[in-house]
Amino acid sequence: MTDTVTLNSGSSKHTLLVVDGHSLAFRAFFAMPVDNFSTSTGQATNAVWGFATMLAQVIDTEQPDLLGVAFDVKGGTFRNELLPQYKGTREAAPEELLTQLPLIQRLLTALGVTYIEKPGYEGDDVIATLATMGDHAGYHTLVLSGDRDAFQLVDDNVTVLYPGHHFKDLKHMDPQAIIDKYKVTPAQYPDLAALRGETADNIPGVPGVGDGFAAKWINQYGSLEGIAAHADEIGGKKGESLRANIDQVMLNRKVNALVRDIDLGVSLNDLTFGSIDAGALDTLFKELEFGARTKTRVLKTFNTGGGQTAADQGKGRPDNQSQAELDLNLPDNTAISTVQQFDAWIDEHRHDIAVSEEVAAFKAKDFSDHDTHIIIGENVHHTWTLAAWGDDRPGRSHVQALAIEAGKHAVMIAFPCEAALHEALNAFLSQEHGRIIVHGYKELLHLLAAAHLDLDLPLFDTKLAGYLAQPDFHADGLIQAAEHFLDIQVDEETQPAQGMLDFDAESTQPDADEQRLRDLSIIRELAGTLAPVIDQREQYWLMRAVELPVSRVLFEMERDGAKIDTVRLRGMRDQFAQDARFAQETAWQFAGSQLNLQSPKQLQKVLFEDFGLKPTKRTKSGSYTTNASALQDLYIRSVDNEQANGFLGALLRHRETNKLKQIVQSLIDAVNPADERIHTTFEQTVAATGRLSSVDPNLQNIPNRNAAGREIRGVFVPGEGYESLLSCDYSQVELRIMADLSGDEALIEAFRSGMDFHKYVASMVYKLPVEEITGDQRSHVKAMSYGLAYGLSTYGLAQQLKIAPREAESLKNRYFETFGKVHDYLESLVTTARSKGYTETMFGRRRYFPALQSTNRVARDAAERAALNAPIQGSAADIMKIAMIQASRALREADVRSRIILQIHDELVVEVAPGEADQVTALVRNAMEHAVELAVPLDVSCGIGADWQLAAH
DNA sequence: AAATAGACGTA
DNA sequence: CGTACGTCTATTTA
């Protein structure tokens with residue numbers, strides 16, 4: 001690993017670091033989970049801790065000579081007088097953050113760091129003034145701020161450090177970086193911002209104008225004045241929009257200009273730092289209940305940090321501590337090939353393995369016991385780590401090597417290996433599985449299976465643990481996971497792109513072993529970091545009783561795959577291709593040109609320019625949408641224009657048939673010729689709610705909504721030795737979960753009644769007898785019910801049902817009058833997510849929602865809908881996972897050959913062996929119905945048939 | 001060659 | 001101005 005310290009050591013200039021205190025405090029607050037950081041008296045400390053470590057990190061990296069921190073101060077500024085709505089939509093900072101600001105300031109005082117507040121001005125103005133002072137005194141100034149207004153300060157002597165997605169990747173915004181990003185100079189940036197507006201600060205810009213257009217105009221006319229002077233020359237909608245809003249823009253420009261010459265009452269001499277008040281710091285850290293490690297970390301930086309001259313820096317600087325450097329001690333490696341070597345190695349290291357029997361044997365057979373909290377804690381330190389390398393794609397897996405590690409030593413076995421060693425390995429795995437740590441149990445099972453080996457439930461899976469800890473973070477490989485969770489930098493150059501996947505059969509270079517040893521040590525480190533997190537959140541049950549067992553079920557489903565009637569599939573492809581071609585010909589005739597029907601751009605031209613049709617909706621990038629619902633709309637409204645109408649009809653037919661052709665072709669390409677089966681891969685660590693997803697190919701989006709598409713399901717058939725497919729699905733699971741979790745008596749009664757659910761609900765909502773409910777009423781209520789769990793707006797509901805917004809509004813009101821507790825429950829989901837920072841499913845699966853605190857309304861609203869949906873969709877996913885484990889076990893214990901082959905969120909597809917239909921239907925239905933006991937019954941409907949389409953019910 | 005946008009299939 | 005996904009194609013960008 002290389003030291004990447006460039007900085008100012010080579011330059012003669014000294015550096016001034018100016019920090020936007022509020023910006024950093026916000027960042028720290030939302031980056032650290034509050035509940036992991038509070039004192040016994042309940043004082044939140046996450047922002048203080050984050051502030052201290054983030055600041056220390058930046059100081060370590062940048063080595064400034066002077067340091068000043070600017071804070072906003074309560075009360076308005078001159079900006080509020082210019083723009084009354086300034087920052088009007090910004091929500092007050094959370095109470096838990098506000099109480100930490102004085103603590104942060106105390107910390108800075110104790111560390112000898114100067115902080116500055118100036119009534120009547122914002123922190124940004126203080127920063128601008130300090131930067132200007134530094135500039136005059138010949139310093140290079142770094143401005144640490146997450147506020148883009150600071151970009152106007154950038155010049156050759158001022159660089160803004162702007163945090164990216166992760167705080168640690170600070171972008172150094174110098175003049176060139178600003179030009180690259182915005183196409184204008186830093187000095188022009190405020191002009192651009194004035195045109196665009198700032199939603200976070202409630203400053204409207206010119207509607208329809210974003211960074212791109214603003215930059216174009218600025219470059220054309222030089223400045224805002226130039227644009228204003230030539231506003232009449234700018235054509236189009238955007239020009240019109242500009243003229244209408246020019247006053248607002250000029251006002252914005254006044255407001256976003258930073259004041260650079262405040263009388264702060266401090267001089268640069270006051271900005272030295274490093275004279276620590278050890279006593280005050282000690283008292284503060286005790287009060288905050290920070291551990292010794294934090295103190296050492298902070299002291300290390302601030303003791304050696306500032307106040308020194310550039311000449312001192314060579315020796316005083318801690319070795320690039322910006323990323324808590326973690327020493328990946330590679331284990332000693334022994335390559336072995338005989339059973340004697342293996343036995344000797346195992347015997348030598350067995351005494352290092354000391355996982356408690358209770359934990360090692362934990363099986364969680366009784367799923368109702370899900371609040372049994374098993375703690376792994378220290379156990380992960382006395383374990384084997386096991387990994388294998390090769391190709392883990394289902395249906396074509398292939399293993400090259402396997403390694404076992406016991407702390408400091410590892411054995412590496414190449415495949416194929418001798419029979420006696422194989423047998424010893426199998427014995428080892430079956431005896432030791434409960435003491436083994438892996439990364440990706442499912443993938444490992446594919447690799448092991450390629451060597452005719454098996455592994456019963458391991459103790460811990462770092463891939464699954466990472467997913468439970470942060471379901472929104474997606475690491476594509478072991479290395480990314482390490483970089484994220486361990487905060488280390490792994491040299492990736494020689495690493496195969498796919499992490500543990502390695503398709504290169506020749507990869508037996510000397511490097512390969514070292515990479516594999518590194519993989520092992522990363523897995524061990526990850527376990528050491530993640531196990532305490534899982535423990536602390538009481539999620540080990542989820543991992544051991546749900547995720548790990550379901551991994552095993554998924555492995556079997558992937559391995560077995562689904563048999564395809566390839567002849568019929570090819571026939572369908574040809575038919576759809578012919579239909580699509582015909583539709584295309586027709587469309588071309590109406591259009592009078594051979595345009596590409598799959599190009600939205602060309603379609604826009606033909607529809608909205610050539611035909612002159614009136615566009616309906618816009619896409620998010622501003623162009624006019626040509627999606628199906630828009631085309632449908634245009635089709636209806638263009639009845640008097642024969643040519644356009646004909647074109648639209650043909651286009652719609654082409655869209656549909658061509659899509660089906662694509663789907664069918666992708667299935668053809670995915671069939672494994674060896675067994676004429678499709679082996680999909682179920683991703684278990686991708687969907688943030690806890691659902692599975694399916695790739696290569698995606699078998700969870702095979703058409704089902706209209707007859708033509710549904711035909712495709714007919715090519716999924718039972719394979720040789722099987723006679724039918726069984727499909728079982730949950731009816732209205734998510735609604736049932738809502739009934740249970742909300743405790744709403746009316747909704748619970750609706751489910752217990754056993755009647756046509758939507759009709760029954762409609763009769764309650766409209767206060768009419770069930771017999772009098774019309775089809776429209778039923779379908780409206782049905783849409784309302786389903787929309788609930790998504791946070792559907794009345795506007796959206798109106799749009800979907802093609803009714804007036806007021807009607808939708810009144811439907812919603814009546815609905816919530818009838819099911820009051822459902823309403824309260826949904827609100828409570830968002831409220832608790834806001835205060836805790838995360839949501840939780842019935843089984844403790846968490847999802848964090850930092851965006852709930854966003855100052856951006858769009859982002860915040862989206863987060864609220866996601867937070868509303870996550871526990872509901874996630875609980876349904878949990879229930880299905882448990883059902884799969886139970887069903888799989890029931891089938892195994894009944895000793896039948898029938899097997900689960902697909903899962904489509906609320907549906908299981910089972911390949912049924914001759915004579916087992918009734919028994920298997922009963923077993924699967926029972927497993928699904930009783931996966932969990934709710935206040936309402938779980939209703940499962942089953943169908944059986946000669947193919948997947950015929951199994952529908 | 002890789003990334004983005006737009007469209008659309010599922011629960 | 002509805003959540004969660006994956007895949008295809010066209011188009012832009014490096």
Side-chain angles (χ1 to χ4, degrees), chain A residues 180 212 471-472 474 595-604 617-631 651-652 654-667 669-670 680-706 708-710 712-713 729-735 783-801 805 808-809 826 829 839 847 849 857-858 861-874 876-877 880 902-908:
Chain A
D180 290 347
D472 282 280
H474 186 260
L595 77 165
N596 185 346
L597 298 182
Q598 292 178 127
S599 161
K601 207 181 161 192
Q602 294 181 37
L603 284 177
Q604 283 157 24
K617 263 172 50 180
R618 287 170 175 278
T619 65
K620 63 178 168 190
S621 71
S623 57
Y624 296 123
T625 181
T626 64
N627 68 26
S629 89
L631 294 182
L651 177 58
L652 282 162
H654 179 264
R655 274 273 168 83
E656 190 183 341
T657 49
N658 199 50
K659 178 80 185 176
L660 295 175
K661 187 192 84 178
Q662 269 172 25
I663 291 171
V664 168
Q665 185 61 50
S666 71
L667 290 179
D669 296 338
T680 184
T681 298
F682 290 102
E683 293 287 354
Q684 200 182 342
T685 59
V686 166
T689 50
R691 274 191 177 182
L692 302 175
S693 75
S694 160
V695 294
D696 295 326
N698 181 356
L699 294 185
Q700 290 179 324
N701 70 343
I702 304 302
N704 196 24
R705 285 182 186 165
N706 60 53
R710 201 159 33 235
I712 299 176
R713 296 191 168 217
D729 65 51
Y730 282 118
S731 322
Q732 311 107 3
V733 234
E734 297 189 351
L735 276 166
M784 178 73 213
S785 291
Y786 279 113
L788 286 180
Y790 303 143
L792 183 62
S793 66
T794 49
Y795 178 92
L797 184 66
Q799 188 105 358
Q800 186 186 321
L801 295 175
E809 180 72 38
L826 293 173
L829 287 177
T839 59
R847 184 176 173 190
F849 288 95
R857 206 195 81 240
V858 181
D861 286 355
E864 286 183 358
R865 291 189 298 268
L868 180 90
N869 174 259
I872 300 167
Q873 187 183 120
M880 181 49 116
L902 295 176
Q903 187 253 42
I904 308 95
H905 308 304
D906 63 3
E907 172 186 9
L908 290 180

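Per chain, numbering begins at 1; letters A, B, ... match sequence-line order.
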Which whole-number value in Å describes the distance from [X] [atom1] to [N] [atom2]?
X: A:Leu595; N: C:dT11; atom1: CG; atom2: P; value: 10 Å
X: A:Leu792; N: C:dA4; atom1: CG; atom2: P; value: 14 Å
X: A:Lys617; N: C:dG2; atom1: NZ; atom2: C1'; value: 11 Å
X: A:Gln662; N: C:dT9; atom1: CD; atom2: C1'; value: 7 Å
X: A:Asn658; N: C:dC8; atom1: CG; atom2: C1'; value: 10 Å

(message) Judged by each residue's nearest nucleotide on DNA chain C, which is more toward the 5′ side, A:Ser666 or A:Asp472?
(response)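 In this pair, the answer is A:Asp472.
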
(message) The side chain of A:Gln598 is closest to which nucleotide in this list: C:dC8, C:dA4, C:dA10?
(response)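 The nucleotide sitting nearest to the side chain is C:dA10.
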
Find the distance between [atom1] ([X]) and [atom2] ([Y]) and round it off to the nearest 0.5 Å.
X: A:Thr794; Y: A:Glu809; atom1: OG1; atom2: CD; answer: 5.0 Å
X: A:Glu683; Y: A:Asn698; atom1: CD; atom2: CG; answer: 10.5 Å
X: A:Gln700; Y: A:His905; atom1: CD; atom2: NE2; answer: 4.0 Å
X: A:Gln604; Y: A:Tyr624; atom1: CD; atom2: OH; answer: 9.5 Å

(message) Rounding to an integer number of angstrom, what distance separates B:dA5 and C:dC1 when you compare their P atoms?
(response)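 Nearest-Å result for B:dA5 against C:dC1 at atom P: 16 Å.
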
(request) Inspect the contact between A:Arg865 and A:Asp861 and indicate whether a charged nitrogen and a carboxylate oxygen are less than 4.0 angstrom apart. (result)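 So A:Asp861 does not pair with A:Arg865 through a salt bridge.
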
(message) Can you tell me if A:Ser793 touches the phosphate of C:dG2, counting only side-chain N or O atoms and a distance under 4.0 Å to OP1 or OP2?
(response)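 It does, given that an N or O in the side chain of A:Ser793 lies less than 4.0 Å from OP1 or OP2 of C:dG2.
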
(message) For C:dT3 and A:Arg865 - does any side-chain N or O of the residue sit under 4.0 Å from the phosphate oxygens OP1/OP2?
(response)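 It does, given that an N or O in the side chain of A:Arg865 lies less than 4.0 Å from OP1 or OP2 of C:dT3.
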
(message) Tell me every residue that passes side chain to side chain contact (heavy atoms under 4.5 Å, CB included) with A:Gln799, counting only those two or more places apart in sequence or in another chain.
(response)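 A:Gln799 satisfies side chain to side chain contact (heavy atoms under 4.5 Å, CB included) with A:Lys617, A:Tyr795 only.
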
(message) For A:Glu656, give me all partners under salt bridge (Lys or Arg N to Asp or Glu O under 4.0 Å), at least two apart in sequence or on another chain.
(response)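 Salt bridge (Lys or Arg N to Asp or Glu O under 4.0 Å) check on A:Glu656 returns nothing, list empty.
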
(request) List for me each residue that meets salt bridge (Lys or Arg N to Asp or Glu O under 4.0 Å) alongside A:Arg655, sequence neighbours excluded, and say none if there are none. (result)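 With neighbours one apart ignored, the set is empty.
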
Could you check whether [X] gets within reach of a base, just the sugar-phosphate, or nothing at all, counting any heavy atom under 4.0 Å?
X: A:Arg847; value: sugar-phosphate
X: A:Asn596; value: sugar-phosphate
X: A:Gly796; value: sugar-phosphate
X: A:Glu734; value: nothing
X: A:Ala877; value: nothing
X: A:Asp729; value: nothing

(message) Main chain of A:Pro703, side chain of A:Arg710: is a donor-acceptor contact present, judged purely on distance under 3.5 Å?
(response)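 Checked: no pair found.
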
(request) Check for a donor-acceptor pair, side chain of A:Gln602 on one end and backbone N or O of A:Asn596 on the other, with a separation under 3.5 Å. (result)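 Between the backbone of A:Asn596 and the side chain of A:Gln602 there is a qualifying donor-acceptor contact (under 3.5 Å).
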
(message) Using every non-hydrogen atom in the two residues, find where A:Ala867 and A:Leu829 come nearest and quote the distance to one decimal.
(response)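 Minimum heavy-atom contact is O-CB, 4.4 Å.
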
What are the atom names and distances for every N/O pair under 3.5 Å that joins the protein to nucleotides 12-14 of chain C?
unit_1 : atom_1 : unit_2   : atom_2 : d
C:dT12 : OP1    : A:Lys601 : NZ     : 3.0

(request) Determine which bases of DNA chain B form Watson-Crick or G-U wobble pairs with both distances under 3.5 Å, and write the result as a 5' to 3' dot-bracket string with | for other-strand partners. (result) |||||||||||

(request) List the protein contact pattern of nucleotides 5-11 of chain B with one symbol per nucleotide (5' to 3'): B for base contact, S for sugar-phosphate-only contact, - for none; contact means a heavy-atom distance under 4.0 Å. (result) SSSBBBB

(message) Ignoring hydrogens and geometry beyond distance, is a side-chain donor-acceptor pair present between A:Thr680 and A:Ser694 at under 3.5 Å?
(response)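 Indeed, the side chains of A:Thr680 and A:Ser694 share at least one donor-acceptor pair under 3.5 Å.
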
